[in-house]
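One structure below.
Note: hydrogens, waters and symmetry copies are ignored here, and every other heavy atom, side chains too, is used.
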Amino acid sequence: QVQLVESGGGLVQAGGSLRLSCAVSGRTFSRYAMGWFRQAPGKEREFVAGLAWSGGSPYYADSVKGRFTISGDNVKNTVYLQMNNLKPEDTAVYFCAARVNFGVDRNVAGYNYWGQGTQVTVSS
């Protein structure tokens with residue numbers, strides 16, 4: 001099994017920055033992809049960013065393109081989401097997810113493992 005633990009959430013003013021971390025532990029696979037999703041109150045969980053551990057270009061939702069950056073550290077087995085120029089509409093619980101033996105998927109159903117989530121609140 002794979003365990004994912006997110007950290008780095010918090011309260012920030014609009015225009016500020018946060019960096020989320022997702023520590024990956026447990027069984028490792030030769031090919032899998034990592035995704036960041038978010039869920040605001042009363043809304044469905046949505047794709048934010050994704051990255052394949054084997055390399056390749058990252059993927060972003062249009063709403064965060066140019067402001068968020070996903071990256072991975074193979075030595076630390078950690079995936080990061082750098083969030084800059086945060087807006088109140090970015091407020092949500094952010095989840096890290098792992099997808100085994102496939103590349104990045106923008107759909108929630110495509111992921112096998114999920115973290116517990118970390119709250120990000122952006123005040124106006």
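A continuous path of hydrophobic side-chain contacts links Val48 to Val24 [ILVMFWY only; heavy atoms under 4.5 Å]. Put simply, Val5 and Leu81 are part of two different groups of oily side chains (I, L, V, M, F, W, Y) that touch within less than 4.5 Å, one to the next. If you chain together hydrophobic residues whose side chains sit under 4.5 Å apart, Tyr111 and Tyr32 never meet in one group. Cluster annotation: Val79 and Tyr113 are assigned to the same hydrophobic cluster (Ile/Leu/Val/Met/Phe/Trp/Tyr, side-chain heavy-atom contacts under 4.5 Å, transitive). Taking hydrophobic clusters as Ile, Leu, Val, Met, Phe, Trp and Tyr residues chained together by side-chain heavy-atom distances below 4.5 Å, Phe68 does not share a cluster with Tyr59.
Within the 4.5 Å cutoff, no side-chain heavy atoms of Glu6 are placed close to those of Leu20. The closest side-chain heavy-atom distance from Val120 to Met83 is below 4.5 Å.
Checking Val108, Val64, Asp105, Val104 one by one against Phe47, the side-chain contact (heavy atoms from CB on, under 4.5 Å) holds for a single residue, Val104.
Summarising the geometry, atom CD1 belonging to Ile70 is positioned 12.5 Å from atom CD belonging to Gln82; distances are rounded to the nearest 0.5 Å. How far CG of Leu51 is from OG of Ser57: 9.5 Å, rounded to the nearest 0.5 Å.
By the 30° and 60° cut-offs, the orientation of the rings of Trp114 relative to Phe95 is perpendicular.
Val122 and Thr91 make their closest contact through N-OG1, 2.9 Å (heavy atoms, listed as atom of the first residue, atom of the second, distance). Here the closest heavy-atom approach between residue Ser124 and residue Pro88 is recorded as CB-CG, 3.8 Å. Contact between Asp90 and Asn85 at its shortest, heavy atoms only, is OD2-O, 4.5 Å. Shown here for Ser21 and Thr78, the closest heavy-atom pair between the two residues is CB-CG2, 4.1 Å. The two atoms that bring Ala49 and Tyr60 nearest to each other are CB-CD2, 3.7 Å, heavy atoms only. Residues Ser17 and Asn84 share a closest heavy-atom pair of OG-OD1, 2.9 Å.
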- Query: Could you walk me through whether Val2 and Asn112 pass the side-chain contact (heavy atoms from CB on, under 4.5 Å) check?
  - Reply: CA-CA 9 Å; Val2 175; Asn112 308 94; over 6 Å; no
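Partners of Thr121 according to the side chain to side chain donor-acceptor pair (under 3.5 Å) rule, which considers only residues two or more places apart in sequence or in another chain, are Gln119.
Both tests pass for Arg19 against the ring of Tyr80: distance under 6.0 Å to the centre and angle within 45° of the axis.
Remark: the Arg38 side chain and the Tyr94 side chain contain an N/O donor-acceptor pair separated by less than 3.5 Å.
Salt bridge status for Asp62 with Lys65: present, with a side-chain N to carboxylate O gap under 4.0 Å.
Counted within 6.0 Å of CD on Glu44, heavy atoms from surrounding residues, nucleotides or ligands total 12 or fewer; the atom is thus considered open.
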